[in-house]
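Have a look at the structure below before the remarks.
Heavy-atom basis, side chains included; hydrogens, waters and symmetry copies ignored.
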Amino acid sequence: MTNTFRIVRSSAYTWCIVCAICVLGISAKQASLFVNKAAYSPYIIYTLVCSTLTICGLALLTLRSQPRIDVIAIAVLTVLWLAVGAYSADLIGYVNCVNLIGQVMETDNGGTYSSTAFCRETKAIMAFSFATFGVLLVCLIILLALIIRLHSLGQQDIWGASMSELPWFGQFREMRGEPYPVYQQQHQPPQMQQMPIQVPYGSQVVYQQPGHEYVRPLLDIYGID
(Lines give C-alpha, C1' and ligand atoms only; values in the text may rest on other atoms or scores of the structure.)
Protein backbone atom coordinates (compact mmCIF):
# COMPACT_ATOMS: atom_id res chain seq x y z
CA MET A 1 0.00 0.00 0.00
CA THR A 2 1.23 3.49 -0.78
CA ASN A 3 2.69 5.34 2.21
CA THR A 4 0.36 8.33 2.27
CA PHE A 5 2.21 9.93 5.17
CA ARG A 6 5.45 10.03 3.21
CA ILE A 7 3.76 11.76 0.27
CA VAL A 8 2.02 14.33 2.47
CA ARG A 9 5.19 15.02 4.44
CA SER A 10 7.35 15.45 1.34
CA SER A 11 4.80 17.77 -0.27
CA ALA A 12 4.53 19.95 2.84
CA TYR A 13 8.29 20.19 3.27
CA THR A 14 8.74 21.03 -0.41
CA TRP A 15 6.22 23.86 -0.07
CA CYS A 16 8.08 25.24 2.96
CA ILE A 17 11.41 25.02 1.16
CA VAL A 18 10.01 26.93 -1.83
CA CYS A 19 8.66 29.67 0.47
CA ALA A 20 12.01 29.84 2.28
CA ILE A 21 13.84 30.21 -1.03
CA CYS A 22 11.57 33.12 -1.98
CA VAL A 23 12.21 34.80 1.38
CA LEU A 24 15.93 34.18 1.06
CA GLY A 25 16.02 35.83 -2.36
CA ILE A 26 14.11 38.91 -1.20
CA SER A 27 16.18 39.20 1.96
CA ALA A 28 19.44 38.87 0.03
CA LYS A 29 18.38 41.75 -2.21
CA GLN A 30 17.49 43.90 0.79
CA ALA A 31 20.75 42.95 2.50
CA SER A 32 22.73 44.25 -0.46
CA LEU A 33 21.03 47.65 -0.02
CA PHE A 34 20.23 48.13 3.68
CA VAL A 35 22.28 45.67 5.75
CA ASN A 36 24.20 48.52 7.40
CA LYS A 37 21.07 50.46 8.27
CA ALA A 38 20.35 50.14 11.99
CA ALA A 39 16.58 50.19 11.43
CA TYR A 40 16.58 47.23 9.03
CA SER A 41 19.78 45.30 9.73
CA PRO A 42 18.42 43.00 12.53
CA TYR A 43 15.33 42.17 10.48
CA ILE A 44 17.26 41.38 7.32
CA ILE A 45 19.80 39.22 9.13
CA TYR A 46 17.07 37.32 10.96
CA THR A 47 15.17 36.54 7.74
CA LEU A 48 18.38 35.40 6.07
CA VAL A 49 19.24 33.06 8.92
CA CYS A 50 15.70 31.67 9.28
CA SER A 51 15.25 30.94 5.58
CA THR A 52 18.69 29.33 5.30
CA LEU A 53 18.06 27.10 8.33
CA THR A 54 14.71 26.06 6.90
CA ILE A 55 16.11 25.10 3.51
CA CYS A 56 19.00 23.09 4.95
CA GLY A 57 17.03 21.60 7.83
CA LEU A 58 14.02 20.40 5.85
CA ALA A 59 16.26 19.04 3.10
CA LEU A 60 18.11 16.92 5.67
CA LEU A 61 14.88 15.82 7.34
CA THR A 62 13.47 14.72 4.00
CA LEU A 63 16.48 12.47 3.38
CA ARG A 64 16.49 10.70 6.74
CA SER A 65 14.98 11.42 10.13
CA GLN A 66 13.22 10.05 13.20
CA PRO A 67 9.98 11.21 14.82
CA ARG A 68 11.76 12.72 17.84
CA ILE A 69 14.08 14.70 15.56
CA ASP A 70 11.24 15.81 13.30
CA VAL A 71 9.11 17.00 16.21
CA ILE A 72 11.91 19.12 17.69
CA ALA A 73 13.02 20.54 14.34
CA ILE A 74 9.50 21.38 13.12
CA ALA A 75 8.60 22.95 16.48
CA VAL A 76 11.69 25.20 16.33
CA LEU A 77 11.07 26.21 12.71
CA THR A 78 7.41 26.92 13.47
CA VAL A 79 8.38 29.40 16.19
CA LEU A 80 11.04 30.99 13.98
CA TRP A 81 8.64 31.62 11.11
CA LEU A 82 5.98 32.96 13.42
CA ALA A 83 8.58 35.42 14.67
CA VAL A 84 9.50 36.42 11.11
CA GLY A 85 5.88 37.10 10.26
CA ALA A 86 5.32 39.08 13.47
CA TYR A 87 8.56 41.04 12.90
CA SER A 88 7.50 41.90 9.36
CA ALA A 89 4.04 42.98 10.49
CA ASP A 90 5.56 45.15 13.21
CA LEU A 91 8.00 46.71 10.79
CA ILE A 92 5.72 47.60 7.91
CA GLY A 93 2.48 45.65 8.22
CA TYR A 94 0.43 48.75 9.07
CA VAL A 95 1.78 50.75 6.12
CA ASN A 96 -0.14 51.12 2.88
CA CYS A 97 2.45 50.76 0.14
CA VAL A 98 0.42 52.89 -2.26
CA ASN A 99 0.94 55.89 -0.01
CA LEU A 100 4.71 55.56 -0.46
CA ILE A 101 4.68 56.10 -4.21
CA GLY A 102 7.33 58.66 -5.14
CA GLN A 103 9.29 58.30 -1.90
CA VAL A 104 12.82 56.89 -1.83
CA MET A 105 15.14 55.38 0.77
CA GLU A 106 18.88 55.91 1.04
CA THR A 107 20.95 52.76 0.51
CA ASP A 108 24.31 51.73 1.94
CA ASN A 109 26.22 52.69 -1.20
CA GLY A 110 24.85 56.23 -1.18
CA GLY A 111 22.13 55.60 -3.75
CA THR A 112 18.36 55.54 -3.41
CA TYR A 113 15.72 52.84 -3.53
CA SER A 114 11.97 53.05 -3.95
CA SER A 115 10.11 52.97 -0.64
CA THR A 116 7.13 51.36 -2.37
CA ALA A 117 9.29 48.48 -3.62
CA PHE A 118 10.78 47.94 -0.17
CA CYS A 119 7.31 47.96 1.37
CA ARG A 120 5.97 45.40 -1.08
CA GLU A 121 8.99 43.16 -0.63
CA THR A 122 8.58 43.22 3.14
CA LYS A 123 4.88 42.41 2.85
CA ALA A 124 5.77 39.51 0.57
CA ILE A 125 8.15 38.20 3.23
CA MET A 126 5.37 38.55 5.78
CA ALA A 127 2.95 36.57 3.60
CA PHE A 128 5.47 33.77 2.95
CA SER A 129 6.32 33.68 6.65
CA PHE A 130 2.77 33.20 7.85
CA ALA A 131 2.11 30.64 5.09
CA THR A 132 5.17 28.64 6.12
CA PHE A 133 4.20 28.93 9.77
CA GLY A 134 0.72 27.58 9.05
CA VAL A 135 1.99 24.58 7.07
CA LEU A 136 4.62 23.72 9.68
CA LEU A 137 2.08 23.98 12.48
CA VAL A 138 -0.27 21.57 10.70
CA CYS A 139 2.63 19.18 10.08
CA LEU A 140 3.56 19.29 13.75
CA ILE A 141 0.00 18.57 14.89
CA ILE A 142 -0.42 15.67 12.45
CA LEU A 143 2.95 14.19 13.41
CA LEU A 144 2.17 14.34 17.13
CA ALA A 145 -1.27 12.82 16.55
CA LEU A 146 0.24 9.90 14.62
CA ILE A 147 2.97 9.31 17.20
CA ILE A 148 0.55 9.40 20.13
CA ARG A 149 -1.83 7.04 18.31
CA LEU A 150 0.92 4.53 17.49
CA HIS A 151 2.28 4.75 21.03
CA SER A 152 -1.17 3.93 22.40
CA LEU A 153 -1.30 0.88 20.10
CA GLY A 154 1.83 -0.56 21.72
CA GLN A 155 4.60 0.90 19.55
CA GLN A 156 6.77 1.96 22.48
CA ASP A 157 9.85 2.56 20.30
CA ILE A 158 8.03 4.79 17.80
CA TRP A 159 10.13 7.83 18.73
CA GLY A 160 13.24 6.11 17.42
CA ALA A 161 11.71 4.62 14.27
CA SER A 162 12.37 5.84 10.75
CA MET A 163 10.08 8.55 9.42
CA SER A 164 9.64 6.57 6.21
CA GLU A 165 7.96 3.77 8.20
CA LEU A 166 5.26 5.89 9.79
CA PRO A 167 1.78 5.07 8.45
CA TRP A 168 -1.06 7.43 7.68
CA PHE A 169 -4.36 7.36 9.52
CA GLY A 170 -6.08 4.07 8.72
CA GLN A 171 -2.82 2.27 7.88
CA PHE A 172 -1.82 1.30 11.41
CA ARG A 173 -2.15 -2.43 10.67
CA GLU A 174 0.90 -2.23 8.41
CA MET A 175 2.97 -0.67 11.20
CA ARG A 176 1.94 -3.46 13.59
CA GLY A 177 2.52 -6.17 10.98
CA GLU A 178 -1.09 -7.33 10.99
CA PRO A 179 -2.70 -8.46 7.74
CA TYR A 180 -5.82 -6.77 6.53
CA PRO A 181 -8.92 -8.99 6.81
CA VAL A 182 -9.93 -10.71 3.58
CA TYR A 183 -13.60 -11.30 3.23
CA GLN A 184 -14.49 -14.37 1.11
CA GLN A 185 -17.84 -15.07 -0.34
CA GLN A 186 -19.56 -17.87 1.49
CA HIS A 187 -20.94 -20.63 -0.70
CA GLN A 188 -23.68 -22.98 0.29
CA PRO A 189 -22.93 -26.69 0.37
CA PRO A 190 -23.78 -28.53 -2.87
CA GLN A 191 -26.60 -30.42 -1.17
CA MET A 192 -28.24 -27.10 -0.23
CA GLN A 193 -28.08 -25.47 -3.66
CA GLN A 194 -31.31 -27.03 -4.99
CA MET A 195 -33.87 -28.67 -2.78
CA PRO A 196 -37.15 -30.11 -4.13
CA ILE A 197 -40.23 -29.48 -2.10
CA GLN A 198 -42.43 -32.52 -1.69
CA VAL A 199 -46.07 -32.03 -2.65
CA PRO A 200 -48.96 -34.53 -2.88
CA TYR A 201 -48.98 -37.10 -5.67
CA GLY A 202 -50.10 -35.75 -9.01
CA SER A 203 -48.82 -32.25 -8.41
CA GLN A 204 -45.74 -30.74 -9.93
CA VAL A 205 -42.44 -30.66 -8.04
CA VAL A 206 -41.20 -27.22 -7.10
CA TYR A 207 -37.45 -26.79 -6.79
CA GLN A 208 -36.37 -24.31 -4.19
CA GLN A 209 -33.47 -22.15 -5.33
CA PRO A 210 -31.24 -20.50 -2.70
CA GLY A 211 -32.67 -17.12 -1.75
CA HIS A 212 -35.98 -17.63 -3.58
CA GLU A 213 -39.38 -17.77 -1.96
CA TYR A 214 -41.49 -20.92 -2.35
CA VAL A 215 -44.60 -19.80 -0.48
CA ARG A 216 -46.21 -18.18 -3.53
CA PRO A 217 -45.71 -21.20 -5.88
CA LEU A 218 -47.20 -23.53 -3.27
CA LEU A 219 -50.23 -21.32 -2.89
CA ASP A 220 -50.68 -21.30 -6.67
CA ILE A 221 -50.45 -25.09 -6.79
CA TYR A 222 -53.18 -25.55 -4.20
CA GLY A 223 -55.27 -22.75 -5.66
CA ILE A 224 -55.14 -20.66 -2.51
CA ASP A 225 -55.39 -16.89 -2.95
hydrophobic_cluster_shared for V18 and I55, side chain cutoff 4.5 Å: no
Shortest non-hydrogen contact between C139 and A12, atoms and distance: SG-CB, 3.4 Å
Side chain proximity check, I72 to I69, heavy atoms < 4.5 angstrom: no
Salt bridge (Lys or Arg N to Asp or Glu O under 4.0 Å) partners for K29, two or more places apart: E121
Any donor-acceptor pair under 3.5 Å from Y87 side chain to Y46 backbone: no
Side chain to side chain, L61 and R9, heavy atoms closer than 4.5 Å: yes
Non-hydrogen side-chain atoms of I26 and Q30 separated by less than 4.5 Å: yes
Cluster check L150, V8: I/L/V/M/F/W/Y, side chain < 4.5 angstrom: yes
Qualifying residues under side-chain hydrogen bond (donor to acceptor under 3.5 Å, both in side chains), relative to R6, sequence neighbours excluded: none
Atom of A39, atom of L91 and distance for their closest heavy-atom approach: O-CD1, 4.4 Å
C16 backbone acceptor or donor facing T132 side chain under 3.5 Å: no
Euclidean distance, L137 CG relative to L77 CG, rounded to 0.5 Å: 12.5 Å
Common cluster, L58/W15, ILVMFWY with side-chain heavy-atom separation under 4.5 Å: no
Partner set under side-chain hydrogen bond (donor to acceptor under 3.5 Å, both in side chains) for T47, not counting sequence neighbours: S27
Non-hydrogen atoms of I74 and L136 that approach each other most closely: CG2-O, 3.5 Å
Minimal non-hydrogen separation, P67 against L143, with atom names: O-CD2, 4.3 Å
Linked, directly or transitively: L80 and L140 (ILVMFWY side chains, under 4.5 Å): yes
Verify same cluster id: I141, L146 (apolar side-chain graph, 4.5 Å): yes
V71 vs W159 side-chain heavy atoms within contact, under 4.5 Å: yes
Aromatic ring pairing F34/F118, orientation class (parallel under 30°, perpendicular over 60°, tilted between): perpendicular
Gap separating the SG atom of C119 from the CD1 atom of I92, nearest 0.5 angstrom: 3.5 Å
Main-chain N/O of D108 paired with N36 side-chain donor or acceptor, under 3.5 Å: no
F130 side chain near L82 side chain, heavy-atom distance below 4.5 Å: yes
Pairs where residues 48-58 contributes a residue and the test side-chain hydrogen bond (donor to acceptor under 3.5 Å, both in side chains) is met, not counting sequence neighbours: T54-W81
side-chain hydrogen bond (donor to acceptor under 3.5 Å, both in side chains) partners of S65, counting only residues at least two apart: D70
R149 backbone acceptor or donor facing S152 side chain under 3.5 Å: yes
Considering all heavy atoms, the nearest A59-I17 contact: N-CD1, 4.1 Å
Considering all heavy atoms, the nearest C19-F128 contact: SG-CD2, 3.9 Å
Donor-acceptor contact present, side-chain K123 to main-chain C97, <3.5 Å: no
Non-hydrogen side-chain atoms of M105 and K37 separated by less than 4.5 Å: no
Test side-chain hydrogen bond (donor to acceptor under 3.5 Å, both in side chains) applied to S88 - qualifying residues, sequence neighbours left out: Y43
